[in-house]
Amino acid sequence: MNDIDARAAAAARFDIPGRVPSFIHGEPSFSAGGDDIPVIDPATEEQISTLREADPAEVDAAVRSAREAFEHGPWPGMDIDRRKDILYAIRDVLRANSEELGYLETVNTGLTLANIERHVERMAKNFEFFAEVISTVAGETYTQDTRYLTYVTREPKGVGAMIAPWNAPLALASMRVVTCIAFGNTCVLKPSEYTPLSMYRMVELMHEAGLPPGVVNLVNGRGGITGTRLVGHEEVDMVGFTGGTETGKAIMSAAGKALKPVILELGGKSANIIFESADLDRALDGALTGIYANNGQQCLAGSRILVQRSIAEDFIARFAERARHIRIGDPFDPTTEIGPLCYRAHMERVLSYVDIARADGAEVIAGGQRATGFERGLYVEPTAVLAPSNATRVAQEEIFGPFATFLIFDDMEEAIRIANDSRFGLVAYVWSNELNTVMRCSREIRAGTIWVNTPMSRELRAPFGGYKESGIGRDGMHDSLQFFTEPKTTTIPMGAVPAGNFGKR
Ligand code: NAD
């Protein structure tokens, strides 16, 4: 099947809604005062739908619904077994509709359908995993002072504002939502204004699976309109945000004014270090995957590739050769490896880094242009540059596209120094078969996750998040419990203990 057939076959089976509303208290809701915003297919640049932006009044209605569900609904006090059953039912319904969700996400993000199929499964697994987590939560008891029993229970915190980006909406927004609601909280989700299609359907399907109204509300719209109202709302108790570092700073400032806790999953410029002691064939595969997967639009991309001098010339040449052969094309075509970037301004920003690289003395070794051979669509060639130093902008700034920056190092000390010379600290990749090298890198690189001899591999039980400007807090089994619940300490005497003598004669 060629790409036109594959696209047409998917389009024949599933509808794209003409207008995308918000979803409040279990119902679609069209904001009376909001703007209409075009929703674009990046492979064609055609408008495929219209998003109805939630104005402040609509955000207020969504927060009211979440508050009502938290204060008076069944969800926060529900037996864990029942809440777990609903989370499993959500997993099952989402899986049963995976092809439709995959279609809606592919047509709106430009990510390849093969890639999105993995994201859809990740979304389902997120619900499954947190259903399992809540059934393991236990309290603490203390009896050191034998006259007293002190116990600690955990309670849901309240209403969360959950804000998600456009680069992997189903995988990332589902993580934001489930970490919040699994522990008994309720929330308002605001996805990116660029990618509302799969998000609306995901929330609708969650309700078909039996989620009570008000537990998850959805508001659509831009950050500056819908997002700021949501974060600043006095009835919101906490904020979970996945997105860019500058936005994260603005959100943390706004939340800080009302002492709202935040969890922030932000940007990265992660080092991918290739030592001469590595299995170089695997390292090459991993380096290409690390930067070009997800059309290069991923927070955990290995976007700074550090290569040891003794192997650099050959490794970089082989990388460039492979990059030139990557198949760019329609995201529905099963042979496509890189689809279009998500929206025009983003594509232009990514391409602008080619001139920035040259101005800083870097050499373009692959790509560097808008891809030719397409009448339309936001296609960019897989690009790689060799930078003269880690101080260059292409080594320091997150580009968030199919754009690799190579740097050369002489020894392990220098590699670790370069890896740490960044305002980010999300992940690092280390390729070496020498145990001492691996252990030193694991200990000394300041990043939230170190992947050794493998491209990205996500263990949901372990904490995920960033050092430095890559974030605050972590997603994961224990960390999500800590963030999304309040611990409560209760102390009860075991007998008649003295209670004081004030005023006794
Ligand atoms: P973005 O920061 O522009 O937008 C993210 C979300 O925030 C969107 O929904 C947007 O509408 C909203 N927003 C913008 N301004 C806001 C404001 N003032 N108040 C409230 N909401 C606001 O990010 P993006 O371009 O959508 O996503 C790309 C970025 O996300 C990259 O930097 C990437 O590294 C990062 N990211 C991080 C992770 C992670 O887990 N660390 C995962 C994916 C993406």
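Remember, it's 1-based here, ligands and their atoms both numbered in the order they're listed.
Of the protein's non-hydrogen atoms, the one nearest atom 44 (C) of ligand 1 is N167 OD1, 3.4 Å. Scanning all protein heavy atoms for the shortest distance to atom 27 (O) of ligand 1 gives P165 CB, 3.3 Å. Considering only non-hydrogen protein atoms, atom 39 (C) of ligand 1 sits nearest to C299 SG, 3.3 Å. Protein heavy atom closest to atom 24 (P) of ligand 1, with residue, atom name and distance, is W166 NE1, 3.4 Å. Among protein heavy atoms, the minimum distance from atom 13 (N) of ligand 1 is reached at G223 CA, 3.4 Å. Closest protein heavy atom to atom 35 (C) of ligand 1: G243 O, 3.1 Å. The protein atom (non-hydrogen) at minimum distance from atom 37 (C) of ligand 1 is L266 O, 3.0 Å. Annotation: atom 2 (O) of ligand 1 to nearest protein heavy atom, T247 OG1, 2.6 Å.
Neither the backbone nor the side chain of A254 comes within contact range of ligand 1; no heavy atom lies under 4.0 Å. Counting heavy atoms under 4.0 Å from ligand 1, residue I251 touches it through the side chain alone. Contacts between I163 and ligand 1 below 4.0 angstrom, taking non-hydrogen atoms only, involve the side chain exclusively. In E398, the part holding a heavy atom less than 4.0 Å from any atom of ligand 1 is the side chain.
In terms of N/O distances under 3.5 Å, ligand 1 is approached by K190. Annotation: A164 places an N or O atom under 3.5 Å from an N or O atom of ligand 1; distance criterion only. Any N or O atom pair closer than 3.5 Å counts here, and E193 shares at least one such pair with ligand 1. At under 3.5 Å, not a single nitrogen or oxygen of L426, backbone or side chain, sits near a nitrogen or oxygen of ligand 1. Ligand 1 has no nitrogen or oxygen under 3.5 angstrom from a nitrogen or oxygen of Q298.
Proximity to F464 (heavy-atom distance under 4.0 Å) selects the following atoms of ligand 1: 40 (O). Listed by atom number, the atoms of ligand 1 under 4.0 Å from L172 heavy atoms are 42 (C), 43 (C). Interface atoms of ligand 1 facing G267, defined by a heavy-atom separation under 4.0 Å, are 32 (O), 34 (O). Proximity to F241 (heavy-atom distance under 4.0 Å) selects the following atoms of ligand 1: 2 (O), 5 (C), 6 (C), 7 (O).
For G471, the closest heavy-atom approach to ligand 1 does not fall below 4.0 Å. Put simply, no part of Y194 is less than 4.0 Å from ligand 1, judged by heavy atoms. Taking 4.0 Å as the cut-off, P191 counts as a neighbour of ligand 1 on heavy-atom distance.
Using the six-membered ring where Trp is involved, F400 and H346 have ring planes that are perpendicular, over 60° apart on the 30 and 60° scheme.
Taking the side chain as every heavy atom from C-beta outward, V39 and L197 approach each other to under 4.5 Å. Proximity of I291 to N272: side-chain heavy atoms (C-beta onward) are nowhere separated by under 4.5 Å. You'll find the side chain of R19 reaches within 4.5 Å of the side chain of F30, heavy atoms only. Between K125 and R95, the closest side-chain pair of non-hydrogen atoms falls below 4.5 Å.
Within a 6.0 Å radius of CE in M456, more than 12 heavy atoms belonging to other residues, nucleotides or ligands are found.
A distance below 6.0 Å separates the ring centres of F332 and Y103. Between Y200 and F23, a ring centre-to-centre spacing shorter than 6.0 Å is recorded.
Within a 4.0 Å radius of atom 32 (O) of ligand 1, the protein has at least one heavy atom.
Side-chain N/O atoms of S29 and E58 include a donor and acceptor closer than 3.5 Å. In summary, the side chains of R91 and N126 do not present any donor paired with an acceptor at a separation below 3.5 Å, with no hydrogens or angles considered.
One finds a salt bridge joining D60 and R229 here, because a Lys/Arg side-chain nitrogen approaches an Asp/Glu carboxylate oxygen to under 4.0 Å. Using a 4.0 Å cut-off between charged nitrogen and carboxylate oxygen, E45 and R344 count as a salt-bridge pair.
A cation-pi arrangement is found for R458 relative to F464, the charged atom lying closer than 6.0 Å to the ring centre and inside a 45° cone about the ring normal.
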In sequence, state the C-alpha distance, the side-chain angles, and the governing distance for R474 and E265, and then conclude on salt bridge (Lys or Arg N to Asp or Glu O under 4.0 Å).
-> CA-CA 8 Å; R474 300 286 187 271; E265 300 286 356; over 6 Å; no
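Put simply, the side chain of K190 never gets that close to the backbone of L230: no donor and acceptor are under 3.5 Å apart.
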